[in-house]
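Read the structure below first, then the notes.
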Amino acid sequence: MSTVHAYAATEANGILKPFEYELGSIGPQEVDIAVESCGICHSDLSMLQDAWGMTQFPFVPGHEVIGKVFAVGEHVSHLAIGDRVGLGWHSGYCMTCDQCLEGHHNLCSTAEPTIVGRHGGFADKVRAQAASVAKLPDELDPKKAGPLLCGGMAVFNPLVQYDMSPTGNVGVIGIGGLGHLALKFADAWGCHMTAFTSSGLKQQEALTLGAHETINSRDPDAIKAAAGRFDLLLSTVNVPLDWNAFLETLKPRGRLHMLGAVTEPLDLNLIPMMFNQLSVGSSPVGSPATIRKMLAFAARHNINPVTEHFSFDQVNDAMERLQSGKARYRIVLNHD
Ligand SMILES: NC(=O)c1ccc[n+]([C@@H]2O[C@H](COP(=O)([O-])OP(=O)(O)OC[C@H]3O[C@@H](n4cnc5c(N)ncnc54)[C@H](OP(=O)(O)O)[C@@H]3O)[C@@H](O)[C@H]2O)c1
Ligand SMILES: [Zn+2]
Ligand SMILES: [Zn+2]
């Protein structure tokens with residue numbers, strides 16, 4: 001038996017307080033991870049606020065975990081005690097549905113999110129199905145790599161899903177945790193990158209993160225001037241913007257891919273989409289195989305998240321900092 005020392009909220013928008021629970025005996029396909037660090041994704045904040053109406057309390061956030069395996073179930077063969085691993089948004093899949101069997105585990109209808117109906121990685125330990133856990137390449141810094149597991153995966157996945165051409169033009173709307181990693185990944189992929197940001201300071205900073213140019217995401221004239229330019233737009237913003245203005249910036253056959261969790265219905269004009277054969281879509285993180293690809297790509301191209309660090313006992317300050325919108329660009333909690 002192993003006691004987990006975690007941080008939990010007991011109500012929506014509540015303070016995260018020390019909370020303990022027992023892991024119980026390990027299942028044959030599971031691993032237990034001693035958490036070294038955990039990134040804070042905006043989804044942790046939205047879940048703390050119960051913004052999606054699916055939070056269960058006590059709620060332990062945290063789904064960008066880096067740590068070392070300290071126990072393995074009897075049928076786990078690809079991970080061993082002592083391996084340094086990462087765990088992202090999903091901590092388990094059914095492994096038998098068509099989506100799982102076709103390698104699209106992240107689309108499994110019963111995939112288990114790490115922080116929904118179970119306790120996440122704001123803790124000293126976390127358990128997960130071994131298939132959802134990836135070995136961390138040695139080249140990646142374990143103190144900073146956590147945000148790759150959810151934020152990084154979310155923005156890398158569309159490059160893989162849509163066979164993004166390295167000669168393509170990609171725009172990223174919103175340069176936060178996901179957005180700054182989108183710039184880094186798609187720049188390394190070879191694309192010409194444009195950052196859309198509402199922040200004057202970030203317009204300069206984005207150029208050091210892989211953007212070749214920047215546009216004010218709240219300036220209608222500047223957006224209009226980019227008409228017909230992009231093959232792919234990745235939106236990481238969770239508030240409604242003038243999506244029709246952004247559709248105008250796509251090339252024929254372009255795609256507006258909405259990664260940010262906008263909860264309002266989309267207001268979209270069909271006719272420009274029809275005449276230009278545009279697509280609008282979304283996707284959740286990525287499959288285990290794509291997570292491995294993403295980590296290998298990050299290691300090869302030296303892609304590290306740009307991070308701010310807090311200790312786990314400063315978790316409430318860290319959440320407040322994320323909410324303020326001032327974080328550059330992802331906050332990571334570390335055990336000292
Ligand atoms: N689909 C997936 O797989 C997936 C995975 C993880 C997270 N998510 C979701 O993706 C979204 C982003 O997460 P994150 O962790 O990257 O959040 P974040 O670090 O807070 O970044 C969001 C960015 O959106 C922009 N933004 C926020 N409010 C805005 C406003 N009123 N007007 C214009 N721009 C605004 C800001 O960029 P600028 O300062 O540059 O304007 C901000 O940095 C969240 O909704 C999260 O739940 C989705
Ligand atoms: Zn996330
Ligand atoms: Zn399944």
Side-chain angles (χ1 to χ4, degrees), residues 38-49 51-52 61-65 87-90 92-116 120-121 129 131-132 146-158 161 172-183 195-203 205-206 209 211 214-219 234-242 246 257-263 281-288 290 305-308 319 321-331:
C38 189
I40 310 183
C41 176
H42 206 107
S43 304
D44 291 310
L45 182 58
S46 297
M47 285 288 293
L48 178 62
Q49 296 164 334
W52 303 331
H63 61 276
E64 291 187 338
V65 174
L87 169 69
W89 175 254
H90 288 126
Y93 313 97
C94 86
M95 303 304 270
T96 55
C97 74
D98 287 351
Q99 296 304 324
C100 283
L101 292 174
E102 288 174 10
H104 305 295
H105 303 66
N106 55 317
L107 305 179
C108 170
S109 64
T110 58
E112 175 188 69
T114 306
I115 61 169
V116 181
Q129 186 187 46
S132 70
L148 295 173
L149 273 298
C150 179
M153 186 62 262
V155 298
F156 184 82
N157 193 41
Q161 294 301 322
V172 179
I173 311 170
I175 310 303
L178 266 63
H180 92 285
L181 288 170
L183 292 177
F196 287 88
T197 173
S198 63
S199 150
L201 280 176
K202 287 189 193 171
Q203 287 207 29
E205 293 170 22
L209 295 168
T214 58
I215 295 178
N216 180 342
S217 62
R218 294 204 157 269
D219 179 347
L234 296 175
S235 172
T236 74
V237 174
N238 65 353
V239 294
L241 297 180
D242 184 352
F246 282 104
H257 200 69
M258 317 273 291
L259 294 163
V262 179
T263 50
S282 185
S283 56
V285 285
S287 69
T290 315
V306 177
T307 51
E308 294 181 3
M319 294 301 276
R321 173 98 178 140
L322 169 60
Q323 191 157 16
S324 76
K326 291 184 187 143
R328 295 290 201 278
Y329 276 86
R330 191 57 130 198
I331 297 169

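Here, residue 1 is the first one in the sequence, and each next residue gets the next number. Whatever order the structure lists ligands and atoms in, that order sets their numbers, starting from 1. These numbers were taken from a predicted model, which means no experiment stands behind them.
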Fill in the blank from the handout: P284 heavy atoms within 4.0 Å reach ligand 1 at atoms 3 (O)
Problem - Polar contact flag for L178 and ligand 1 (N/O pairs, less than 3.5 Å) - result: yes
Exercise for the section: Would you give the angle at the Zn ion (ligand 3) between C97 atom SG and C100 atom SG, to the nearest 10°? Expected result: 110°
Practice task
Using atom types as modelled and distance alone, determine if a side-chain donor or acceptor of Q99 lies under 3.5 Å from a backbone N or O of S109.
Solution key: no
Completion exercise
To atom 42 (C) of ligand 1, the nearest of R330, H42, Q203, K202 on a heavy-atom basis is K202
Completion exercise
Quick note on ligand 1: atoms under 4.0 Å from a heavy atom of G174 include exactly 25 (C), 37 (O), 40 (O)
Handout entry: Y329 and H180 aromatic ring geometry - parallel, tilted or perpendicular at 30°/60° bounds
Key = parallel
Handout entry: Heavy-atom side-chain contact between R330 and C41 under 4.5 Å
Key = yes
Exercise for the section: Examine distances only and state if a side-chain atom of S46 and a backbone atom of S43 form a donor-acceptor pair shorter than 3.5 Å. Expected result: no
Exercise for the section: Answer yes or no: is there a donor N or O on one side and an acceptor on the other, between the side chain of T114 and the main chain of W89, under 3.5 Å? Expected result: yes
Problem - the Zn ion (ligand 3): angle it makes with SG (C108) and SG (C94), nearest 10 degrees - result: 110°
Problem - Numbered atoms and elements of ligand 1 in range of S283, under 4.0 angstrom, heavy atoms - result: 1 (N), 2 (C), 3 (O)
Practice task
Just to the nearest 10 degrees, tell me the angle at the Zn ion (ligand 2) spanned by H63 NE2 and C150 SG.
Solution key: 110°
Exercise for the section: Considering non-hydrogen atoms only, spot the tightest contact between L234 and P158 and give its length. Expected result: CD2-CG, 3.7 Å
Fill in the blank from the handout: heavy-atom search around atom 45 (O) of ligand 1 in the protein gives A261 N, 2.9 Å
Problem - Selection from N216, L201, V172, L259 by shortest heavy-atom distance to atom 9 (C) of ligand 1 - result: L259
Practice task
Would you confirm whether any non-hydrogen atom of the protein falls under 4.0 Å from atom 27 (C) of ligand 1?
Solution key: no
Practice task
Report yes if the side chains of V285 and H63 come closer than 4.5 Å at any heavy-atom pair, otherwise no.
Solution key: no
Exercise for the section: Write out the residue and atom name of the closest protein heavy atom to atom 38 (P) of ligand 1, then the distance separating them to 0.1 Å. Expected result: T197 OG1, 3.4 Å
Problem - Which residue and heavy atom of the protein sit nearest atom 35 (C) of ligand 1, plus the separation - result: V237 CG1, 3.8 Å
Exercise for the section: Decide whether the shortest distance between a heavy atom of S46 and an atom of ligand 1 is less than 4.0 Å. Expected result: no
Handout entry: Flag side-chain contact, heavy atom, 4.5 Å: H105 against M95
Key = yes
Exercise for the section: Verify, without hydrogens or angle tests, whether S217 (side chain) and S198 (backbone) share a donor-acceptor contact under 3.5 angstrom. Expected result: yes
Handout entry: L259 backbone acceptor or donor facing T236 side chain under 3.5 Å
Key = no
Completion exercise
for atom 22 (C) of ligand 1, nearest protein heavy atom and its distance come out as T236 O, 3.9 Å
Completion exercise
A154 heavy atoms within 4.0 Å reach ligand 1 at atoms 2 (C), 3 (O), 4 (C), 5 (C)
Completion exercise
In terms of heavy-atom contacts, R321 and S324 come closest through O-OG, 2.6 Å
Exercise for the section: Could you list the atoms of ligand 1 found under 4.0 angstrom from a heavy atom of V239? Expected result: 29 (C), 30 (C), 31 (N), 32 (N)
Handout entry: W52 neighbourhood, listing ligand 1 atoms whose heavy-atom distance to it stays under 4.0 Å
Key = 47 (O)
Problem - Nearest non-hydrogen protein atom, atom 32 (N) of ligand 1 - result: R218 NH2, 2.7 Å
Practice task
Considering only non-hydrogen protein atoms, determine which one is nearest to atom 41 (O) of ligand 1 and report residue, atom name and distance to 0.1 Å.
Solution key: S198 OG, 2.6 Å
Exercise for the section: Can you see which heavy atom on C38 is nearest to which on V65, and at what distance? Expected result: SG-CG2, 4.0 Å
Problem - A195 touching ligand 1 at heavy-atom level, < 4.0 angstrom - result: no
Fill in the blank from the handout: the protein heavy atom lying closest to atom 46 (C) of ligand 1 turns out to be S43 OG, 3.4 Å
Fill in the blank from the handout: atom 37 (O) of ligand 1 sits nearest the protein heavy atom I175 N, 3.2 Å
Exercise for the section: Please state whether C41 comes within less than 4.0 angstrom of ligand 1, counting heavy atoms only. Expected result: yes
Practice task
Answer yes or no: is there a side-chain heavy-atom contact under 4.5 Å between T214 and I175?
Solution key: no
Problem - Which of the ligand 1 atoms, numbered from 1, are nearer than 4.0 Å to a heavy atom of C150 - result: 5 (C), 6 (C)
Problem - Short side-chain to backbone donor-acceptor contact, N238 and A261, under 3.5 Å - result: no
Handout entry: Test item: Q323 side-chain N/O and L45 main-chain N/O as donor-acceptor pair under 3.5 Å
Key = no
